[in-house]
Structures are given as C-alpha cells and as structure tokens.
Number of protein chains: 2
Amino acid sequence: MIKNNKNENTESLILEAAKSIFQTKGMDGARMQEIADQAGINKAMLHYYYRSKQLLFEAVFKNAFSLLAPQLNTVLNDDSSIEEKVRNFSSNYISFIAEHPYLPNFIIQELNRNPDFILKMKESNGFPNLEKFKKQVDVEVANGIIKKIKAEQLFINILALNVFPFIAKPLIQNLIDADESDFQHIIEERKTEVADFIINSIKK
Amino acid sequence: MIKNNKNENTESLILEAAKSIFQTKGMDGARMQEIADQAGINKAMLHYYYRSKQLLFEAVFKNAFSLLAPQLNTVLNDDSSIEEKVRNFSSNYISFIAEHPYLPNFIIQELNRNPDFILKMKESNGFPNLEKFKKQVDVEVANGIIKKIKAEQLFINILALNVFPFIAKPLIQNLIDADESDFQHIIEERKTEVADFIINSIKK
DNA sequence: ACATTTGTTAACCAATTGGTTAAACTATTT
DNA sequence: AAATAGTTTAACCAATTGGTTAACAAATGT
C-alpha cells in the first residue's frame, strides 16, 4: 500500500470522515461503521485513535467550533467602525459559511442537544468575547453616529440575518419557492443586502 | 382503572408523549421505550396505534407544522400595511414561540435531515403562500412607502430576526453571557425591538 | 538479525432497539 | 350471558450498535 503523508494518515482520514458524517447526520444519527467505511478503514481503528464515539464526536465538534470562532472574533475585535464591522462581517461570514454549509447547523443543533457542551469551549482561548464590541456600540450611540440600540440586540440581529438562511435553508427554499440556483443567487445578494439592511436601520 | 375522556385517551397520550420526546431529542435520539414510559403505557401500544416509529414521528411533525404554518399565514395574508404586518408578526410570533420553544428548532432540524419531507406538507392546504405579500411589497416600494427591497429578502429578514434567537439560544446565551432570566428579558425586548429594527431599515 | 513498539484486521460480544405475538382483559353487541 | 370486537400486557425476537479481543503485519530501534 502507498505510504501516507501527513494529510492522508489514518488519524486525519478518520477525522475527515467523522466530520462529514457527524455534520450531516448528527451525533445520534451517525454510525461508527459508516464513518469507518467512508474513511476506508476498519471500524476498530476508530476506537484505536479516538477511544469512543463520544470522544470522536467531541474532536469533530471542537474542530468545527475552532473554525467558526475566529470568524466572529476578528470582526468583533478589529479597529474599524461599527458600520465597517457590519459590512465586513456580512460579506466575509456569508462567504465563509457558503464554503462550510453544514457548520452552523451542526454547531447549533448539537449545542441544543447538549448545552453543557459549550462550557468546554468557553474555557479554551479564542472563545468570542463581546466586551470591545459592546463598548464600541455604546460610544457610537453616545456620539450620535448610530441610533440607540443595545449591543446585545444588535449582535443577535447581525448573527441572525447572516446565519439563519443557512440553517433554515430547506424551509426557506420551499416558502419562497426557490430552486437551488435561485437560492444561491439570493445568498449571493445577501452579502451586501444584509449589511445595507442593518446600516439603514441603525445609521443616523 | 378510571375511564379516560377524549383528552386522556391512549392515542392522544401517546401523541403528547411522542411530541415531547421527539422535539427534545429528534427522530434519531428518541427511543420508543422512552415515549411509552412518558405516556405511562406499554410499548406495544405505540405500534398498535401508529404502526411504526416513522409514522409516529410523522404524526408529531405534521402536528407541529400545522401549529406553525397558520402563524405565518395570518400575517402574510391579512389586509394591513407592511409596517403593521411587521409589527404584528414580531410581537405575535415571539409570544407564540416563547410558548412552544422547541418547535422551530424541531421543524428546521428535521427538515435539514430529510428535505423531501416538506413536500408532503406543501400538498396539504394551509401551507404558507407568499404571493400576496410579494405583491404588497412591490406596491409599497413603487408608491414610495418603503425603500426598494425584494419581498423574498425582506421575508427572510423578518423570519431570521424573529426565529433565530430561539434556535440558537444556547450559543447566544454564552456569547452574550446571559443567564436564563437575562435571556428571557432580551426576548421580551425583541417583541418591539425587532419590529423597530426592520421598520427603521425599510421605511422611507 | 532480532525484539519491541505501533498500526491494522476479522471475528466476536453484550446491550439496545424497533417491532411482533399470543394471551388476557374490557367493553360492546346480540 | 354468550359471543364478538377492541384494548392492553408481558415475553419474545431478529437486527443493529458501540465496543473489544487476539492474532497478524509493518515499522522502528538495538
């Protein structure tokens, strides 16, 4: 058999396969055998490298979360204005999620199933922190740059407008009668649409 | 044994138990035995009344969807202006979901897992229809009442801002560092906050 | 060359799961 | 009250599932 390089060794083969299965089927719907098949290896190897389904799942989850968190963080903590942050975030985040469409749904779904799970994430560094954003919103409100709004509500709105379409895709597609290409087009539009919508609402 | 009335007969006991288990654990995570235990009856009864796990699940899903759909429909199809629709929807929908917190997540999650499933829902009457809303948005845009926006995008925005906080509750709670009572308070605020946010953005 | 560690496999195992069955119990009909 | 139809139960079943084991193969070190 051909020698594997670092990107094709068994351990990462397993992680990649597990990622794909867990993210589409969830913890409960995923089967160890299916993960092994997709990785092209024996089921016993899953346990050799990750001990149990739970630990393999946690490895996948942490991996996914650590991909998502920096996207939030960079926007929250850079030095641009609120307006610039909103524009950057909407454009970047929608592009990012379009490349990882299962990510937000996976994370949100599994956190709903096991809310204690996020506590482990909070301990790790790189967990998104809202402090700077909060102060910035308060300052811009005080200076009359944007209308009065609580940072938390604004943050929820930004997240909602950007993330929801990906999570609720099957529902939305049917409600607005859009096929796959219609939907892609609408998502593409939203890279600026969402930012404009938010700015219009908060700009004085 | 005491005679059961219509609200306590076995069939609806099962449906209630199944609702509670399926909505918190999902199709894959739910166990027939657990549903039977919660209903206080023998597991064989589940099959006697609903034949299989799949059919029991579909009964629960249709039931849930038929609760949610009219909420969308009444707002989409009444005779008020877009602004009134937005205000009504935000207030009513948030109140409604606050009473059925697992509903949107359940529906969205299971539709993601099984996208074909919504086709069955579409056939049934009462499936939300956007036609009237679309025309109305176009008219109000043409008349200069609201800013230029596509009805589909506005609809997605309304849905996102109202529904997302419930779906992403565990994530949001941790990102903004809110305990249960903080979160309830923020949700309460959103009954007007969301409507104002949308109106601010689209009103000329 | 040999021994030891690391990686891999096929076969196996106990527990769980959705579903069935046959018998018992209860109400309804005649 | 006897027969019939509908409801409920305990015990059972085959299939699936996560996980283990023991033997085998491939590196690695000495």
Side-chain angles (χ1 to χ4, degrees), chain A residues 1-63 106 109-110 113-114 116-117, chain B residues 1-63 106 109-110 113-114 116-117:
Chain A
M1 194 177 285
I2 299 162
K3 202 64 177 32
N4 295 323
N5 65 28
K6 283 208 171 168
N7 290 329
E8 289 166 352
N9 65 21
T10 306
E11 193 168 345
S12 41
L13 270 179
I14 293 174
L15 199 65
E16 283 306 306
K19 205 185 287 185
S20 125
I21 301 293
F22 277 132
Q23 288 190 5
T24 49
K25 308 208 166 182
M27 169 68 172
D28 294 331
R31 295 289 158 250
M32 295 296 268
Q33 187 59 60
E34 198 180 358
I35 295 173
D37 290 347
Q38 175 138 338
I41 47 113
N42 188 290
K43 183 164 67 90
M45 299 305 287
L46 303 181
H47 296 95
Y48 180 77
Y49 283 103
Y50 292 92
R51 293 202 43 173
S52 69
K53 186 184 185 185
Q54 180 66 27
L55 287 175
L56 177 55
F57 174 80
E58 289 183 17
V60 169
F61 188 90
K62 282 175 189 164
N63 195 285
F106 172 65
Q109 183 50 31
E110 299 301 333
R113 209 68 91 212
N114 190 356
D116 297 337
F117 208 63
Chain B
M1 194 178 287
I2 299 162
K3 200 68 178 28
N4 295 321
N5 65 28
K6 282 206 172 171
N7 290 327
E8 290 165 350
N9 64 18
T10 306
E11 194 168 344
S12 41
L13 269 179
I14 293 175
L15 199 66
E16 281 306 306
K19 205 185 286 184
S20 126
I21 301 292
F22 276 132
Q23 289 190 5
T24 50
K25 308 208 166 180
M27 170 67 171
D28 294 331
R31 295 290 158 248
M32 294 296 268
Q33 186 60 60
E34 199 180 358
I35 294 173
D37 290 347
Q38 175 137 340
I41 45 112
N42 188 290
K43 181 164 68 87
M45 297 306 286
L46 303 182
H47 296 94
Y48 181 76
Y49 282 103
Y50 292 92
R51 294 203 41 173
S52 70
K53 186 184 183 185
Q54 180 65 28
L55 287 175
L56 177 54
F57 175 80
E58 289 182 17
V60 169
F61 187 89
K62 282 175 190 163
N63 194 286
F106 171 67
Q109 182 52 32
E110 299 300 334
R113 208 71 90 211
N114 190 355
D116 297 335
F117 207 63

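Throughout, protein chains are lettered first and strands after them, A, B, ... in sequence-line order, and every chain is numbered starting at 1.
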- Kindly say if B:Thr10 contacts the phosphate of D:dT7, meaning a side-chain N or O under 4.0 Å from OP1 or OP2. no
- Report yes if a side-chain nitrogen or oxygen of A:Ser52 is closer than 4.0 Å to either non-bridging phosphate oxygen (OP1 or OP2) of D:dG18; otherwise report no. no
- Item | Closest approach of B:Leu55 to B:Tyr50 (non-hydrogen atoms, all atoms of both residues) | CB-O, 3.2 Å
- Heavy-atom pair with the smallest gap, counting every atom of B:Met45 and B:Thr10: CE-CG2, 4.1 Å
- Tell me which residues in residues 41-49 of chain A put a heavy atom below 4.0 Å from DNA chain C, sorted by number, or none. A:Asn42, A:Ala44, A:Met45, A:Tyr48, A:Tyr49
- Within residues 15-37 of chain B, find the residues that approach DNA chain C with a heavy atom at under 4.0 Å, and present them sorted by residue number. B:Ala30, B:Arg31, B:Met32
Spacing between [X] atom [atom1] and [N] atom [atom2], to the nearest angstrom:
| X | N | atom1 | atom2 | result |
| --- | --- | --- | --- | --- |
| A:Gln54 | D:dT17 | CD | C1' | 15 Å |
| A:Tyr50 | D:dT20 | OH | P | 17 Å |
| A:Lys53 | C:dT16 | NZ | C1' | 12 Å |
| A:Asn9 | D:dA27 | CG | P | 14 Å |

- Message: Distance alone, cut at 3.5 Å: any donor-acceptor contact between the side chains of A:Asn114 and A:Glu110?
- Response: no
- For A:Glu34 and A:Gln38, does a side-chain donor sit closer than 3.5 Å to a side-chain acceptor? no
- Query: Relative to each other, are the rings of B:Phe61 and B:Phe117 parallel, tilted or perpendicular (30° and 60° limits)?
  - Reply: perpendicular
- Message: Could you check whether any side-chain heavy atom of A:Ile35 comes within less than 4.5 Å of a side-chain heavy atom of A:Phe22, counting everything from C-beta outward?
- Response: yes
- Side chain of A:Lys25, backbone of B:Asp28: donor and acceptor closer than 3.5 Å? no
- Query: Would you say A:Arg51's side chain and A:Leu46's backbone share a donor-acceptor pair under 3.5 angstrom?
  - Reply: no
